[in-house]
Amino acid sequence: MQIPANLAQTIVDSRAYAAGDPVDEAFRTIRAEMPLAVAEPEGMEPFWVVSRHADIMTVEKQPDIFHNGDKSTFLTLKEMEPMVRFITGGEPNLVRSLVSLDGQEHKDLRAVVFPSVTPKALRGLEDDIRKIAKTFVAEMLAKAPECDFATDVAFLYPLRVIMTVLGVPQEDEPFMLKLTQELFSSADPELNRDRKEVNPAEALDGLRRTMEDLEAYFGVMTEKFRANPTDQVNSLIANAKVNGEYLNRRQLMGYYIIAATAGHDTTSNTTAGAMWALAERPLLFEQLKADPGKVNAFVEESIRWVVPVKHFMRSATQDAEVSGQKIKAGDWMMLSYQSANRDEAVFDDPFDYRIDREPNRQIAFGYGAHVCLGQHLARMEMRILWEELFPHLKSIELAGTPQRTISNFVCGPKHVPIRFTLN
Ligand code: HEM
């Protein structure tokens, strides 16, 4: 079955994601009438849209059949593919990171960082993260009665946390923020490399220049951590050996880049979106103030609500079947986490923000072999921020209209103006 052109266009349109509702409406129809069907938006290779929660799990449970790295791991224009392959020497993804690896290489590389991000290992970081949270809360309170919660808190706090975990010095944070935003926001003239509207070739060239800056920076860091190893994540990456060999240059760079980028933009977007939801729901805020034990449920629902990673792509290595639908070897597939987190078959009132979902089966961290490596860190740092902030606040409301980033990949609110009173 083919998805009608207008719906196919909407679910890839960065501006539709910035608007919010059009994408949710399109997926509502797709889930109901054509839950596993082909989209062929202008300028893109056709792909299956996997819109239901259950079907995404089915695909993600079979990583040997549905590969991450044979084609682009995220939506891209047909004309970009040969350019990317030219730049990388034949690979379909500019960055060779965990999300674009399969099989044994993926297992080996994932194992490098995995032990340091388990809930048990993270307990040792709780005090350091709380200190960081207190700093940002104090800065926000000093701005009373108004601030842009996205730019003043939500973008900066997760950045400081992840850079501390990775071992990047504080003075380099603005540089890392700029480069990671450029990497994810090439369609947004406010955040991309050239700070203007760009065509696809210019966007790719911007991404290439950003990558060069990142590689230069991380090259120096590798030398530093090999000379003086620490227990920070970038040192684990720099010193990791698989079959007796250090990771090669593309593996190293891909690892640093995914840890640095996936490690804060996602959490920043979720934190900003959570505050937006709260500022519009005074009763919810009362509930959270009255029962601080509900903060975990608030974090979980915020992740479902914002879905900062809108999709990842897979491709079939062989003919296969999902929910009775035949998929051919080589077919490209979009796993829409945005859609799955609004799936009526799994969530009551999916378009309502509710902290009483038990369990909350949100799938915004993905599932299976590639499930988000940073999920426990993300939950923990958001919980700590709210625990530190809520006791100081009496009321919160919007002080203007929030705005979302123009992107169809990793995105969320980029401005959340709020007015607040203190206890
Ligand atoms: C992978 C979402 C925070 C590091 C992923 C995936 C998603 C995701 C959807 C792909 C999963 C799949 O293919 O099944 C999120 C969300 C976050 C978040 C919603 C915050 C709310 C973080 C943080 C870190 C991180 C804080 C850093 C420590 C990674 C890495 C991968 C990944 C390294 C690749 C894993 C692999 O392919 O094996 N994340 N993420 N993420 N995430 Fe996160």
Side-chain angles (χ1 to χ4, degrees), residues 50 53 56-63 66-69 73-74 93 95-103 105-119 121-122 125 129 154 157-168 180 184 232-234 236-237 251 254-274 299-314 333-341 362-385 409-412:
V50 187
H53 194 283
I56 290 187
M57 286 174 71
T58 302
V59 172
E60 296 222 52
K61 267 183 209 160
Q62 304 176 76
F66 301 106
H67 266 188
N68 282 45
T73 309
F74 54 90
N93 287 292
V95 180
R96 188 174 177 84
S97 76
L98 284 184
V99 282
S100 59
L101 296 179
D102 295 290
E105 186 181 0
H106 173 250
K107 287 195 186 87
D108 288 342
L109 265 62
R110 195 172 157 104
V112 169
V113 166
F114 184 76
S116 63
V117 288
T118 60
L122 290 171
L125 286 175
I129 294 181
Y157 163 67
L159 181 71
R160 175 79 44 90
V161 171
I162 191 69
M163 293 305 148
T164 308
V165 172
L166 296 181
V168 172
T180 54
F184 280 145
Q232 289 154 312
V233 167
N234 278 351
L236 300 181
I237 298 170
Q251 289 172 328
Y255 221 143
Y256 292 133
I257 290 172
I258 191 160
T261 53
H264 72 88
D265 247 33
T266 47
T267 318
S268 298
N269 287 318
T270 309
T271 306
V299 166
E300 215 58 24
E301 179 67 348
S302 303
I303 298 166
R304 185 192 75 88
W305 188 248
V306 177
V307 207
V309 179
K310 303 301 173 192
H311 71 270
F312 267 116
M313 306 299 285
R314 297 290 191 270
M333 305 160 83
M334 174 206 221
L335 308 184
S336 172
Y337 301 117
Q338 175 74 28
S339 175
N341 277 298
Q362 62 82 9
I363 193 170
F365 288 124
Y367 186 77
H370 286 270
V371 69
C372 177
L373 203 54
Q375 59 172 321
H376 303 299
L377 175 62
R379 287 190 176 102
M380 176 175 156
E381 63 183 277
M382 289 191 273
R383 167 180 58 79
I384 292 175
L385 179 70
F409 183 35
V410 176
C411 53

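Here the structure is a predicted model, which is why all the values come from computation and not from measurement. Ligands are counted one by one from 1 in listed order, and the atoms in each one are counted from 1 as well.
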### Test of proximity, Arg110 against ligand 1: N or O pairs below 3.5 Å
yes
### Message
Does any N or O of ligand 1 fall below 3.5 Å from an N or O anywhere on Arg314, backbone included?
### Response
yes
Just so I know, are the side chains of [X] and [Y] near enough to count as touching, which here means a heavy-atom distance under 4.5 Å?
| X | Y | answer |
| --- | --- | --- |
| Tyr255 | Val113 | yes |
| Ile56 | Tyr367 | no |
| Leu122 | Leu125 | yes |
| Phe74 | Val309 | no |
| Met382 | Ile303 | yes |
| Thr271 | Tyr157 | no |

Which bit of [X] is near ligand 1, meaning a heavy atom under 4.0 Å away: side chain, backbone, both or neither?
| X | value |
| --- | --- |
| His370 | both |
| Val165 | neither |
| Glu60 | side chain |
| Tyr367 | backbone |

Could you grab the distance from atom [atom1] of [X] to atom [atom2] of [Y], nearest 0.5 Å is fine?
| X | Y | atom1 | atom2 | value |
| --- | --- | --- | --- | --- |
| Ile257 | Thr261 | CD1 | OG1 | 7.5 Å |
| Leu98 | Ile258 | CG | CD1 | 5.5 Å |
| Gln232 | Ile237 | CD | CD1 | 11.5 Å |

### Message
Just to check, does Asn269 reach to within less than 4.0 Å of ligand 1 when the distance is taken from its heavy atoms?
### Response
no
### Message
If the contact criterion is a heavy-atom separation under 4.0 Å, does Thr267 count as touching ligand 1?
### Response
yes
Check: [Y] main-chain N/O paired with [X] side-chain donor or acceptor under 3.5 Å:
| X | Y | result |
| --- | --- | --- |
| Ser100 | Arg96 | no |
| Arg314 | Met333 | no |
| Asp265 | Cys411 | no |
| Thr73 | Asn68 | yes |

Just need the protein heavy atom nearest to [atom], so name the residue and atom and give the distance.
| atom | value |
| --- | --- |
| atom 9 (C) of ligand 1 | Ala364 O, 3.2 Å |
| atom 21 (C) of ligand 1 | Thr270 OG1, 3.4 Å |
| atom 6 (C) of ligand 1 | Phe312 CE1, 3.8 Å |

### Query
Are Phe409 and His311 close enough that their ring centers fall under 6.0 Å?
yes
With heavy-atom distances below 4.0 Å as the criterion, list the atoms of ligand 1 near [X].
| X | answer |
| --- | --- |
| His106 | 36 (C), 37 (O), 38 (O) |
| Pro308 | 19 (C) |
| Val99 | 34 (C), 37 (O) |
| Ile162 | 27 (C), 28 (C) |
| Tyr337 | 9 (C), 12 (C), 13 (O), 14 (O) |

### Query
Which atoms of the protein, restricted to N, O or S, are nearer than 2.8 Å to atom 43 (Fe) of ligand 1?
Cys372 SG
